[in-house]
Amino acid sequence: MKVYHWAEKLDKIIFKFMYGVSILAAVALMAAAVLCTVDSLSAKFFSVSVPNGQDWVTYLNIPIVFLAMGYLQVERGNTVVDLLSNKFPKALNHVLQIFGNILGAVLSAYLAYCEFGLMASKLSTLAKSSSSANAFFVWPFAMIVAVGYLLVAVSFAWCAVRVVVITPHRRMGYIGPKPEDEQDLPKTAAASDRKGEQQ
């Protein structure tokens, strides 16, 4: 496969962006864990619980899931049944990967569109997490769901392109074995080969 250096640079940008967004999901996970711990300890020792603590933990699951999906797609890809797909010819495998990624992108984009509509509805009615006095607005969480679906749609679309323009071992996040023609070469030789390809 021909080496497209513009595609590899774009792959790096998309991968790092999705990774950066996934860090926000990790922050939300830590916040939920701390909130659960503080709520449990304060209820046990002081008989006081965090205001709307359960609601906050419930809604924090939204960024935990939806802000990580885009990165998971570009880093690991969608599930493939290797025992079956490895029996297919290489060309058919590529066609199925492209079709699966395009289908995922279309469905994710449609879900993002629906979620942006839901967010607008939540924003217009100023819906809250509960009827309590210190309840919080839920439209930001609806926005996170919409953005999460939009990011995973971008990831799916890029993965479809990546099947065509970047060999698997040159993709960001690749963890498999190197191809046979690069396995036994010293790092300097492989690096010089790639430098020669760039020129």
Can you tell me if CZ on Phe88 sees more than 12 non-hydrogen neighbours from other groups inside 6.0 Å?
-> yes
Review item, side-chain donor-acceptor pairs of residues 30-45, under 3.5 Å, at least two apart:
unit_1: Thr37; atom_1: OG1; unit_2: Ala33; atom_2: O; d: 2.9
unit_1: Asp39; atom_1: OD1; unit_2: Val50; atom_2: N; d: 2.8
unit_1: Ser40; atom_1: OG; unit_2: Cys36; atom_2: O; d: 2.9
unit_1: Ser42; atom_1: OG; unit_2: Val38; atom_2: O; d: 2.9
unit_1: Ser42; atom_1: OG; unit_2: Asp39; atom_2: O; d: 3.1
unit_1: Ser42; atom_1: OG; unit_2: Val48; atom_2: O; d: 2.8

In a table with atom names and distances, give each donor-acceptor pair under 3.5 Å that connects a side chain of residues 113-123 to protein atoms at least two apart or in another chain.
none

For the hydrophobic clusters of this structure (ILVMFWY residues joined by side-chain heavy atoms under 4.5 Å, transitively), does one cluster hold both Ile13 and Tyr71?
-> no
Output all residues satisfying ring-ring contact (aromatic ring centres under 6.0 Å, His included) with Phe66, sequence neighbours left out; order by chain, then residue number.
-> Tyr149
Would you say Arg162's side chain and Val74's backbone share a donor-acceptor pair under 3.5 angstrom?
-> yes
Expected output: side-chain Arg171 to main-chain Ile166 donor-acceptor under 3.5 Å = yes
Other cluster members, Leu103 - Ile/Leu/Val/Met/Phe/Trp/Tyr, side-chain contacts below 4.5 Å | Phe99, Leu107
If Ile, Leu, Val, Met, Phe, Trp and Tyr residues are connected whenever their side-chain heavy atoms lie under 4.5 Å apart, and connections chain through other members, are Val161 and Tyr4 in the same group?
-> yes
Looking at side-chain heavy atoms only, is the closest gap between His5 and Arg170 below 4.5 Å?
-> yes
Honestly curious: do Val147 and Leu29 fall in one hydrophobic cluster under the side-chain, below-4.5 Å linking rule?
-> no
Identify the two heavy atoms, one from Pro63 and one from Ala25, that lie closest to each other, and give their separation to 0.1 Å.
-> O-CB, 3.4 Å
Compile the donor-acceptor pairs under 3.5 Å between side chains in residues 150-160 and protein atoms, sequence neighbours left out, one pair per line.
unit_1: Ser155; atom_1: OG; unit_2: Gly70; atom_2: O; d: 2.9
unit_1: Ser155; atom_1: OG; unit_2: Leu151; atom_2: O; d: 3.1
unit_1: Trp158; atom_1: NE1; unit_2: Asp11; atom_2: OD1; d: 2.8

Please answer: with hydrophobic residues joined when any side-chain heavy atoms are less than 4.5 Å apart, are Val165 and Ile14 in the same cluster?
-> yes
For Phe136, ring-ring contact (aromatic ring centres under 6.0 Å, His included) partners two or more places apart = Trp56, Tyr59, Phe141
